[in-house]
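Everything on this sheet refers to the single structure shown next.
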Amino acid sequence: MASVADNLAAIRGRLASAVERAGRKASDVELLAVSKTFPVEVLQEAVDAGQTLFGENKVQELLAKQPALPSRLRWHVIGHLQSNKVRKILPIVEAIHSVHSLDLAKDINRIGGELGLYPKVYLEVNVAAESTKFGFKPQGLKEQLDALYALDRLEVQGLMCIPPFSADAEDSRRYFAQLRALRDELEKQGGAPLPKLSMGMSHDFEVAVAEGSTIVRVGSAIFGGR
Ligand SMILES: *Cc1c(COP(=O)(O)O)cnc(C)c1O
């Protein structure tokens with residue numbers, strides 16, 4: 001079985017090639033190692049191989065792992081976030097990828113203010129209008145953009161999506177392109193930059209890079225099956 005270090009090296013290589021094929025710079029795309037369900041010993045192997053950016057989808061799990069690993073690591077929340085968990089998580093995470101509603105954004109904004117923080121967030125878009133997934137509908141996001149931008153503690157970085165799973169990575173392309181086009185529209189509408197696109201996972205991150213991703217969320221291709 002390949003080690004975490006081997007897997008990471010392979011993913012970094014494929015990421016670098018995808019970035020080059022897209023005519024982009026290496027510094028334009030970050031690799032977020034999605035470590036959910038794996039114990040801290042396994043995360044430490046990734047740290048030893050030079051990985052410093054980690055994503056978890058459950059707040060409790062992130063809170064349990066973070067103190068057991070070097071304090072210089074950067075943590076992102078990528079999974080469904082409930083308002084009652086925001087206060088605990090804000091002080092230790094660099095960004096939240098899964099802001100799925102105006103109500104959650106308001107809570108993050110208010111608690112950010114109480115804690116003296118300016119939370120960095122991505123707005124999650126339900127690109128395929130799946131009933132099983134969270135996220136703003138594209139039209140809803142346009143309608144709520146002013147209300148979101150009125151939340152003065154929030155640093156909205158950009159958009160995030162999780163397309164419907166398909167074994168064929170090419171099936172994700174139109175959703176990634178759609179997210180980028182929505183970003184362009186929202187930038188015009190709001191007159192503010194939305195530089196970041198969180199898109200691409202183990203099976204489709206190369207396609208995501210071709211379509212403008214700035215941070216790919218890769219789990220099983222680094223750590224193995226869950
Ligand atoms: C688990 C997860 C990932 C990583 O998925 P892999 O297919 O294991 O790479 C990415 N994004 C989110 C939101 C996840 O929950």
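For ligands, and for the atoms within them, numbers begin at 1 and follow the listed sequence.
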Review point. Looking only at N/O atoms, are R226 and ligand 1 under 3.5 Å apart anywhere?
Key: yes
Review point. Stepwise, does the salt bridge (charged side-chain N to carboxylate O under 4.0 Å, His left out) test hold for E185 with K188?
Key: CA-CA 5 Å; E185 284 180 54; K188 276 208 195 95; over 6 Å; no
Review point. Among all protein non-hydrogen atoms, which one is nearest to atom 6 (P) of ligand 1, and what is the separation to 0.1 Å?
Key: S202 OG, 3.5 Å
Exercise for review: Quick one: look up the protein heavy atom nearest atom 12 (C) of ligand 1 and list residue, atom name and how far away it is.
Suggested key: I78 CD1, 3.5 Å
Check your understanding: Would you call the rings of F134 and H100 parallel, tilted or perpendicular if under 30° counts as parallel and over 60° as perpendicular?
Key -> tilted
Check your understanding: Can S35 and E56 be counted as having a side-chain donor-acceptor contact under 3.5 angstrom?
Key -> yes
**Study point:** Closest protein heavy atom to atom 1 (C) of ligand 1, given as residue, atom name and distance to 0.1 Å
**Key:** K36 NZ, 1.4 Å
**Study point:** Minimum-distance pair of heavy atoms, taken over all atoms of A68 and V40
**Key:** CB-CG1, 4.0 Å
Review point. Among all protein non-hydrogen atoms, which one is nearest to atom 11 (N) of ligand 1, and what is the separation to 0.1 Å?
Key: R217 NE, 2.8 Å
Point to revise | Beyond-backbone contact of H97 with I215, side-chain heavy atoms, under 4.5 angstrom | key: yes
Exercise for review: Verify whether one side chain among E94 and H76 offers a donor that lies under 3.5 Å from an acceptor in the other.
Suggested key: yes
Practice item. Using distance alone, determine whether A221 and ligand 1 share an N or O pair under 3.5 Å. Key: no
Revision key, fill the gap. among protein heavy atoms, the one nearest atom 5 (O) of ligand 1 is M201 CE, 3.4 Å
Check your understanding: For ligand 1, which atoms sit closer than 4.0 Å to a heavy atom of V218?
Key -> 9 (O)
Exercise for review: Could you verify whether a donor N or O on one side chain and an acceptor N or O on the other, from R217 and S198, lie under 3.5 Å apart?
Suggested key: yes
Revision key, fill the gap. So the atoms of ligand 1 within less than 4.0 Å of a heavy atom of I162 turn out to be 13 (C)
